[in-house]
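Numbering of ligands and ligand atoms starts at 1, following listing order. Hydrogens, waters and symmetry mates are skipped; everything else that's a heavy atom, side chains included, is used.
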Amino acid sequence: MIKVGVAENVKYVKEKIVEACKRANRDSSEIILVGVSKTHPIDKLFKAKEAGIETFGESKAQELMEKYEQLDGVKWHFIGHLQKNKVKYIIDKVELIHSLDDIELAKEIDKRAKNIGKVMDVLIQINIGKEESKYGIYKEDILDFCNSLSEFKNIKVKGLMCIPPAEASIDETRNYFRTMKQIFDDVKKVEYENFDIKYLSMGMSDDFEIAIEEGANIIRVGTGIFGERYYAKEEK
Ligand SMILES: *Cc1c(COP(=O)(O)O)cnc(C)c1O
């Protein structure tokens, strides 16, 4: 059994955030740390909350719903690929969807948000490494995609998210993050009414410090807080 000290890990990650911010001349209060709790049992989430994690990230609707029922007083972000038929289950529970990657999904989010009188905050996922296996918009298509989102009154576009290729070197990853920051600055100039570009979600356990140096203000840390994921159990 791997011994995982969630509280110690949270403390460590927070220290690393402060150090990265110092290097980048940034204020660490700008950084939102999302504890990515997918596959982890609820008792670890309790510990993380106790250690100061205020926002949890899940990537499956079913799992988010179960944990949502058991853990109060925290915020939930949806970070995984979202199927249209799952939107209705999470729309009332999450504060931010990181993974808008398709116009049909946007339509569904808009419709479901409207039904419950909510304006849903979303990030556009960019497929920064142009990987076939990954979701997201190509950077060349981002302004057209923004234009196609401008009609949705119950969606507020708050920024961008990316997951760089897993096999990228540190230098390559840094370059992907730099490119993301440029796209982010471009999209900030877009003047649609339902756009309020604030968040750049990038950086995971292995690269969140680089991401902060390159301008991220939301980082998504799973393994670095909760330890290795449990994938052995049957899929839900
Ligand atoms: C699983 C996941 C993470 C966390 O990854 P770690 O390497 O464990 O920190 C972050 N973002 C997304 C979108 C994920 O699916």
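The protein heavy-atom contact nearest to atom 11 (N) of ligand 1 is Arg220 NE, 2.8 Å. From the protein, the heavy atom lying nearest to atom 6 (P) of ligand 1 is Ser205 OG, 3.4 Å. The shortest contact between atom 12 (C) of ligand 1 and any protein heavy atom is with Ile79 CD1, 3.5 Å. Lys38 NZ, 2.5 Å is the protein heavy atom nearest to atom 2 (C) of ligand 1. The protein heavy-atom contact nearest to atom 10 (C) of ligand 1 is Met204 SD, 3.1 Å.
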TODO: Could you walk me through whether Ile124 and Met161 pass the side-chain contact (heavy atoms from CB on, under 4.5 Å) test, one step at a time?
DONE: CA-CA 6 Å; Ile124 299 169; Met161 181 274 247; over 6 Å; no
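A side-chain contact (heavy atoms from CB on, under 4.5 Å) with Ile212 is found for exactly one of Glu30, Glu19, Arg26, namely Arg26.
Between Tyr135 and His81, the two ring planes are parallel [angle under 30°; tilted spans 30° to 60°].
A donor-acceptor pair shorter than 3.5 Å can be found between the side chains of Tyr192 and Asn147.
Here is the list of ligand 1 atoms found below 4.0 Å of a heavy atom in Ile163: 13 (C). Those atoms of ligand 1 that come under 4.0 Å of a heavy atom in Val221, given as number and element, are 9 (O). Those atoms of ligand 1 that come under 4.0 Å of a heavy atom in Arg229, given as number and element, are 1 (C), 5 (O), 6 (P), 8 (O).
Residue-environment remark: OH (Tyr12) stays at or below the threshold of 12 foreign heavy atoms within 6.0 Å.
Of the heavy atoms in His98, none comes closer than 4.0 Å to ligand 1.
Taking all heavy atoms of Asp206, Thr223, Thr39 into account, the minimum distance to atom 8 (O) of ligand 1 is reached by Thr223.
One distance of note links NZ of Lys118 with CG of Asp110; it measures 13.0 Å at 0.5 Å rounding.
Not a single N or O atom of Met161, backbone or side chain, sits closer than 3.5 Å to an N or O atom of ligand 1.
Note on Asp196 versus Lys158: salt bridge recorded, some NZ/NE/NH1/NH2 to OD/OE distance being below 4.0 Å. Using a cut-off of 4.0 Å between Lys/Arg side-chain N and Asp/Glu carboxylate O, Arg178 and Glu214 are scored as salt-bridged.
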